[in-house]
Amino acid sequence: MQETTAGVDAAEVAALKEIALTGGVDGERKVSCAALGERLDASSQTASRRLQRLESAGLIEREVVADGQWISLTADGKSRLRGEYADYRRLFEDDAALTLSGAVTAGAGEGRHYISLPGYNRQFEERLGYEPYPGTLNVDLDEGSTRNRSELAAVEGVPIDEWEDEERTYGAATCYPARLDADAGSVEPVHVIVPDRTHHDEDQIELIAPEMLRDELGLADGDEVAVEIESA
């Protein structure tokens, strides 16, 4: 299971879950360290330290008051729990495939440039087994898929390493094998590409493939598609 950059461990994730179970997902809830420690079978001091770590990691927001503290989960906190949920689904549900749905949209045009760079292109050929079409297909996710996008963290992807040339360093990314379904049919192999540092919001994904997906499936902006994620 994925760790945050702040090194949140399993015990702290358990505290995050307990906060969520008391209603912290939907808004602020007043929590005392004594009550949280009792639920975690830990001391008040231990509960306090776990809350401090969760706050430092950006997974909760809290306001300390005289008789406790008001706590709510941040977007990153909710995403972390969704990732945990996805892990357990994959353990116990045979049909727990992740499918993300949405509408085709125009991108900023940066994909064509970056996909074609030699440091990336070489890794795509070696690790994905094909040279991608120079460009990406952008999909605006619907509301349900936006919520579920964080489950990608529980899927084994293909790492694309950072590299550098004489001018700059180019960041790493992860590619997730997938199948693209549209009214005109299906295409695979396809990969969802997620840069480690992305300018996209959680409500959008980018796809790469050996061919131009718009031409292959006759897609236009606004067309509905589904992306079924597989394990690498």
Please check if the side chain of [X] supplies one atom and the backbone of [Y] the other of a donor-acceptor pair under 3.5 Å.
X      : Y      : value
Ser145 : Ser101 : yes
Ser116 : Pro134 : no
Asp165 : Arg168 : yes
Asn138 : Val104 : no

Does some side-chain heavy atom of [Y] sit less than 4.5 Å from a side-chain heavy atom of [X]?
X      : Y      : value
Pro177 : Pro189 : no
Cys175 : Phe124 : yes
Leu98  : Tyr176 : no

Assess the residue pair Leu51 and Ile19 against the criterion (side chain to side chain contact (heavy atoms under 4.5 Å, CB included)); give the C-alpha distance rounded to whole Å, side-chain angles, the decisive distance to 0.1 Å, and a yes or no. CA-CA 10 Å; Leu51 291 176; Ile19 295 166; 3.5 Å; yes
Just to verify, what does Asp223 make a salt bridge (Lys or Arg N to Asp or Glu O under 4.0 Å) with, not counting sequence neighbours?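 Here no residue qualifies.
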Shortest non-hydrogen separation from [X] to [Y] and the atoms involved:
X      : Y      : result
Glu224 : Ala103 : OE2-CB, 3.8 Å
Pro195 : Ala173 : CA-CB, 3.7 Å
Val190 : Tyr130 : C-OH, 4.3 Å
Ala178 : Val227 : CB-CG1, 3.6 Å
Gly58  : Thr74  : O-OG1, 2.5 Å
Leu16  : Gly77  : CD2-O, 3.7 Å

Output the distance between atom [atom1] ([X]) and atom [atom2] ([Y]), rounded to the nearest 0.5 Å.
X      : Y      : atom1 : atom2 : result
Ile205 : Leu152 : CD1   : CG    : 7.5 Å
Leu137 : Glu206 : CG    : CD    : 9.5 Å
Ile71  : Leu54  : CD1   : CG    : 8.5 Å
Ile160 : Leu128 : CD1   : CG    : 5.0 Å
Asp76  : Glu202 : CG    : CD    : 8.0 Å
Leu207 : Thr136 : CG    : OG1   : 8.0 Å

Above 12 or not: heavy atoms from other molecules or residues under 6.0 Å from [atom1] of [X]?
X     : atom1 : result
Asp41 : CG    : no
Lys17 : NZ    : no
Glu38 : CD    : no

Please evaluate residues Leu81 and Leu73 with respect to the criterion side chain to side chain contact (heavy atoms under 4.5 Å, CB included), reporting the C-alpha separation (whole Å), side-chain torsions for both, the decisive distance (0.1 Å), and the verdict. CA-CA 10 Å; Leu81 288 183; Leu73 269 66; 3.6 Å; yes
Report the residues that fulfil ring-ring contact (aromatic ring centres under 6.0 Å, His included) with Tyr170, sequence neighbours left out, ordered by chain and then residue number.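 Once residues adjacent in sequence are excluded, the partners of Tyr170 under the ring-ring contact (aromatic ring centres under 6.0 Å, His included) criterion are Trp163.
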Who passes ring-ring contact (aromatic ring centres under 6.0 Å, His included) against Trp70, sequence neighbours left out?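 For Trp70 there are no ring-ring contact (aromatic ring centres under 6.0 Å, His included) partners, ignoring immediate neighbours.
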Please name all residues satisfying side chain to side chain contact (heavy atoms under 4.5 Å, CB included) with [X], sequence neighbours left out, ordered by chain then number.
X      : result
Ala75  : none
Glu18  : Leu21, Leu36, Arg39, Leu40
Ser44  : Cys33, Ala34
Glu211 : Val187, Ala209, Leu213, Glu216

Test: salt bridge (Lys or Arg N to Asp or Glu O under 4.0 Å). Region: [range]. Which pairs qualify, not counting sequence neighbours?
range            : result
residues 128-144 : Glu143-Arg147
residues 118-130 : Arg127-Asp161
residues 169-183 : Arg179-Asp181, Arg179-Glu228

Salt bridge (charged side-chain N to carboxylate O under 4.0 Å, His left out) between Arg50 and Asp9, worked out: CA-CA 9 Å; Arg50 291 178 186 174; Asp9 62 21; over 6 Å; no
Grouping ILVMFWY residues whenever side-chain heavy atoms fall under 4.5 Å, the cluster of Tyr133 otherwise contains Met212
Could you tell me whether the side chains of Thr46 and Arg49 share a donor-acceptor contact shorter than 3.5 Å?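 On atom types as modelled, these side chains qualify, holding a pair under 3.5 Å.
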Hey, can you pull the donor-acceptor pairs under 3.5 Å for the side chains in residues 59-67, sequence neighbours left out?
from	atom 1	to	atom 2	distance (Å)
Arg62	NE	Glu55	OE1	2.8
Arg62	NH1	Gln69	OE1	2.6
Arg62	NH2	Glu55	OE1	3.3
Asp67	OD1	Lys30	NZ	3.2
Asp67	OD2	Lys30	NZ	3.1

